[in-house]
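Below: one structure, written as structure tokens.
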Amino acid sequence: MTDAQASDTQPRTAIVTGGARGIGAAIARRLSADGFNVAVLDLDEAGAKATAASIVESGGKAIGVAADVSDEDAVRAAVAQVAAELGPPVIVVNNAGVTRDNLIFKMTTTDWDTVMNVHLRGAFLVTKAAQSYMVEARYGRIVNVSSTSALGNRGQVNYSAAKAGLQGFTKALAFELGKFGVTANAVAPGFVETEMTKATAARMGVAFEDYIKRATDANPVGRVGQPEDIAHVVSFFVSEGAGYVSGQVIYAAGGPRA
């Protein structure tokens, strides 16, 4: 019996938010390769469906679902759809995220609220909607995608606060849900080469190649991260063998902080 199989031999179902591209898409593909049914949730419906289609083409079972993770009704409907089409979602990866970087004296309340709503409110709503399936199954895995920015980063008071908040959220969930066989952990990526980091370089007026070289030179392992690096960590956290690991944060950054 594989990690993805329940006692009745049916594959378990995983929800990955922000799965249209980048780290989320890599996580969705990795969980499918591990044997899970995968629901790809994203505000970008076309992107979510494209990721799901690539999984199906590779022999997996997946659906793409459009949902704004900060909208309670949309999340409730999306999770119900996943349960109906793929089975009870007992794996949740809260990966959806946005950046609205600026120094605090320039940052608007909209910039602050947008980041908080997607990262924190979104993780809360998706987890709340899915945890009932986990409690009923007496089994579950929750993985929240934080960031090294949780340790503080200039120009990111909103993003840093949200990513630090996800770590506290993770630890509280571990206490609350552990007795139901549910673990909660977080992975905190460092620099990962994605469309988001490419957009960050553009906002800074720096060529992406130079941006990557700067990050590579500063990294102890001499390279920047790839989405698949983060997907590997998530794969461990959701595995059967990680059942005694909960409330933990792994910094996947090539060093203590890079």
Side-chain angles (χ1 to χ4, degrees), residues 15-27 40-48 51 65-75 78 92-128 143-170 186-208 210-212 214-215 218 224-227 230 249 251-253 257-258:
I15 291 175
V16 180
T17 70
R21 61 184 62 80
I23 291 173
I27 291 170
V40 182
L41 268 63
D42 204 290
L43 188 62
D44 175 6
E45 182 175 14
T51 299
V65 181
D68 176 353
V69 295
S70 68
D71 183 322
E72 186 170 11
D73 291 338
V75 167
V92 167
V93 181
N94 288 305
N95 168 76
V98 295
T99 56
R100 295 291 186 271
D101 297 348
N102 222 326
L103 297 175
I104 191 168
F105 77 97
K106 295 180 180 179
M107 185 173 290
T108 67
T109 53
T110 298
D111 292 336
W112 176 271
D113 290 344
T114 297
V115 171
M116 292 298 161
N117 284 341
V118 174
H119 291 270
L120 286 177
R121 180 180 169 88
F124 163 69
L125 291 176
V126 175
T127 302
K128 183 179 180 182
V143 182
N144 298 311
V145 179
S146 179
S147 168
T148 55
S149 291
L151 302 173
N153 205 22
R154 187 175 187 273
Q156 289 192 318
V157 292
N158 50 2
Y159 189 75
S160 293
K163 290 304 193 181
L166 279 173
Q167 294 187 18
F169 177 66
T170 298
V187 54
F191 189 106
V192 177
E193 186 175 353
T194 65
E195 289 300 311
M196 183 177 286
T197 50
K198 188 173 184 179
T200 299
R203 285 197 302 272
M204 296 172 60
V206 178
F208 194 42
D210 294 336
Y211 196 48
I212 289 177
R214 185 187 308 168
V224 297
Q226 298 299 319
I230 311 309
V249 180
Y251 281 83
R257 181 182 181 184

Side-chain contact, heavy-atom cut-off 4.5 Å: [X] with [Y]?
X    : Y    : answer
F191 : I212 : yes
D68  : L43  : yes
E193 : Q226 : yes

Is the closest side-chain donor-acceptor distance between T114 and N117 under 3.5 Å?
no
Yes or no on side-chain contact (heavy atoms from CB on, under 4.5 Å) for I23 and N95, after CA distance, side-chain angles and deciding distance?
CA-CA 8 Å; I23 291 173; N95 168 76; 3.6 Å; yes
Distance in Å, [X] [atom1] paired with [Y] [atom2], rounded so as to fall on 0.5 Å steps:
X    : Y    : atom1 : atom2 : answer
R100 : N158 : CZ    : CG    : 9.5 Å
T200 : Y211 : OG1   : OH    : 5.0 Å
Q156 : T99  : CD    : OG1   : 7.0 Å
W112 : I104 : CH2   : CD1   : 7.0 Å
N144 : N94  : CG    : CG    : 4.5 Å

Using the side-chain contact (heavy atoms from CB on, under 4.5 Å) rule, take T197 and F208 through it: C-alpha gap first, then chi angles, then the decisive distance, then the call.
CA-CA 8 Å; T197 50; F208 194 42; 3.9 Å; yes
Could you pull out all residues at least two apart from L151 that satisfy side chain to side chain contact (heavy atoms under 4.5 Å, CB included)?
Y251, R257
Decide yes or no on side chain to side chain donor-acceptor pair (under 3.5 Å) for D113 and T110, but give the supporting numbers first.
CA-CA 5 Å; D113 290 344; T110 298; 5.9 Å; no
